[in-house]
Amino acid sequence: MHSQTYKCEFSVGEALGQLVIWILLTIVTLGLALFVLPYYFLKAPINRTYVLDSEGRKIGQLSVEVGFTDILGHALLWLILTILTLGIAYLIYWQSVMKRLMNATRTVPL
C-alpha cells in the first residue's frame with residue numbers, strides 16, 4: 001500500500017492579501033461580506049494543496065469549486081440563523097462551510 005501525503009503551498013503573503021481584501025469588503029458591505037468570507041477563506045488553502053506520492057512527488061492537486069449561487073443561498077440561511085441566535089450560529093456556520101467544501105473537493109491529476 002502506497003501512502004500519500006498532502007502539501008499546502010498557500011503562503012503568508014496570499015493570506016495577508018486575502019485578509020486586506022476581506023477587511024475592505026466587510027467595511028463596504030457593512031459586515032454582510034462576513035457571510036461569504038468563510039467559503040473563500042477556507043477554499044483558497046485547499047486549492048493550493050497538492051497530493052504527494054510516497055517519494056514526495058506531486059501527483060495531484062486538490063480542487064474545490066462551489067458556485068456563487070450555492071454560496072449565497074447557504075449564506076442567507078445562516079445569516080437568518082445568526083440573527084435569530086444573536087450571533088451564536090455564526091460559529092457553527094464555519095464548520096458547516098468546511099463540511100460543504102470538503103464534500104466538494106476533488107483530486108485533479110497533474
Side-chain angles (χ1 to χ4, degrees):
M1 177 182 214
H2 297 278
S3 76
Q4 296 177 337
T5 58
Y6 300 94
K7 180 176 182 181
C8 182
E9 294 184 357
F10 188 71
S11 71
V12 173
E14 290 170 300
L16 288 173
Q18 199 177 44
L19 180 64
V20 169
I21 289 168
W22 282 100
I23 288 172
L24 294 173
L25 283 172
T26 300
I27 292 168
V28 169
T29 65
L30 303 175
L32 291 177
L34 292 174
F35 285 90
V36 293
L37 172 138
Y39 276 96
Y40 294 98
F41 250 46
L42 298 172
K43 180 173 127 166
I46 294 171
N47 283 337
R48 298 275 291 129
T49 300
Y50 294 90
V51 181
L52 307 177
D53 66 11
S54 59
E55 295 168 8
R57 292 184 302 243
K58 293 179 185 177
I59 58 172
Q61 182 174 6
L62 298 184
S63 176
V64 58
E65 292 303 323
V66 181
F68 184 72
T69 54
D70 293 331
I71 293 171
L72 194 57
H74 191 240
L76 287 175
L77 170 67
W78 280 92
L79 170 64
I80 293 166
L81 289 171
T82 299
I83 292 169
L84 292 175
T85 63
L86 303 175
I88 295 171
Y90 188 71
L91 301 173
I92 298 166
Y93 174 57
W94 275 78
Q95 290 146 343
S96 175
V97 169
M98 179 56 96
K99 177 184 173 185
R100 287 174 60 101
L101 291 176
M102 294 309 295
N103 286 337
T105 300
R106 304 292 175 254
T107 302
V108 180
L110 294 177

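Position 1 is the first residue of the sequence, and the numbers go up from there.
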Looking at Glu9, is its backbone amide N or carbonyl O close enough to the side chain of Arg48 to form a donor-acceptor pair, meaning the two atoms are under 3.5 Å apart? yes
Taking the cut-offs as 6.0 angstrom to the six-membered ring centre and 45 degrees off its axis, would you call Lys58 and Tyr50 a cation-pi pair? yes
Distance (rounded to the nearest 0.5 Å) between Ile88 CD1 and Leu86 CG: 7.0 Å
Let's go through Leu19 and Phe41 carefully: what are the C-alpha distance in whole Å and the side-chain angles of both, what is the deciding distance for side-chain contact (heavy atoms from CB on, under 4.5 Å) to 0.1 Å, and is it a yes or a no? CA-CA 9 Å; Leu19 180 64; Phe41 250 46; 4.1 Å; yes
Out of curiosity, does Phe68 fall in the hydrophobic cluster containing Val66 (side-chain heavy atoms, cut-off under 4.5 Å, transitive links)? yes
For Thr107 against Gly60, the heavy-atom pair lying closest together: CG2-CA, 4.3 Å
So, for Leu91 and Gln95, which heavy atoms are closest and what is the spacing to 0.1 Å? O-OE1, 3.8 Å
Can you check whether Ile59's main-chain N or O pairs, donor with acceptor, with Gln4's side chain at less than 3.5 Å? no
Hey, mind stepping through Lys43 and Val97 against side-chain contact (heavy atoms from CB on, under 4.5 Å) and telling me if it holds? CA-CA 10 Å; Lys43 180 173 127 166; Val97 169; over 6 Å; no
The criterion is side-chain hydrogen bond (donor to acceptor under 3.5 Å, both in side chains); which residues satisfy it with Ser96, sequence neighbours excluded? His74
Residue pair Asp70 / Arg100: nearest heavy atoms and the distance that separates them: O-NH2, 3.7 Å
If I take atom CG from residue Leu25 and atom CG from residue Leu34, how far apart are they, to the nearest 0.5 angstrom? 9.5 Å
Just so I know, are the side chains of Leu37 and Trp94 near enough to count as touching, which here means a heavy-atom distance under 4.5 Å? yes
Could you tell me if the ring centre of Tyr90 sits under 6.0 Å from that of Phe35? yes
Side chain to side chain, Leu52 and Tyr6, heavy atoms closer than 4.5 Å: no
With rounding to the nearest 0.5 Å, note down the distance linking OH in Tyr39 to CG in Leu72. 10.0 Å
So which atom in Trp78 and which in Ala89 form the shortest heavy-atom distance, rounded to 0.1 Å? CZ3-O, 3.3 Å
Where is the tightest heavy-atom contact between Pro38 and Leu101, given as atom of each residue plus distance? O-CD1, 4.4 Å
Any idea which heavy atoms bring Ala44 and Phe10 closest together, and the distance? CB-CE1, 3.5 Å
Could you work out, with side-chain hydrogen bond (donor to acceptor under 3.5 Å, both in side chains) as the rule, every residue matching Asn47, not counting sequence neighbours? none
Would Ile27 end up clustered with Tyr40 when hydrophobic side chains under 4.5 Å apart are linked, directly or stepwise? yes
Can you get from Leu79 to Leu77 by hopping between Ile, Leu, Val, Met, Phe, Trp and Tyr side chains that sit under 4.5 Å apart? yes
For a 4.5 angstrom cut-off between non-hydrogen side-chain atoms, does Met102 reach Met98? yes
Separation between OG1 of Thr26 and CD1 of Ile21, rounded to the nearest 0.5 Å: 11.5 Å
Between CD1 on residue Ile46 and CG on residue Leu42, distance to nearest 0.5 Å: 6.5 Å
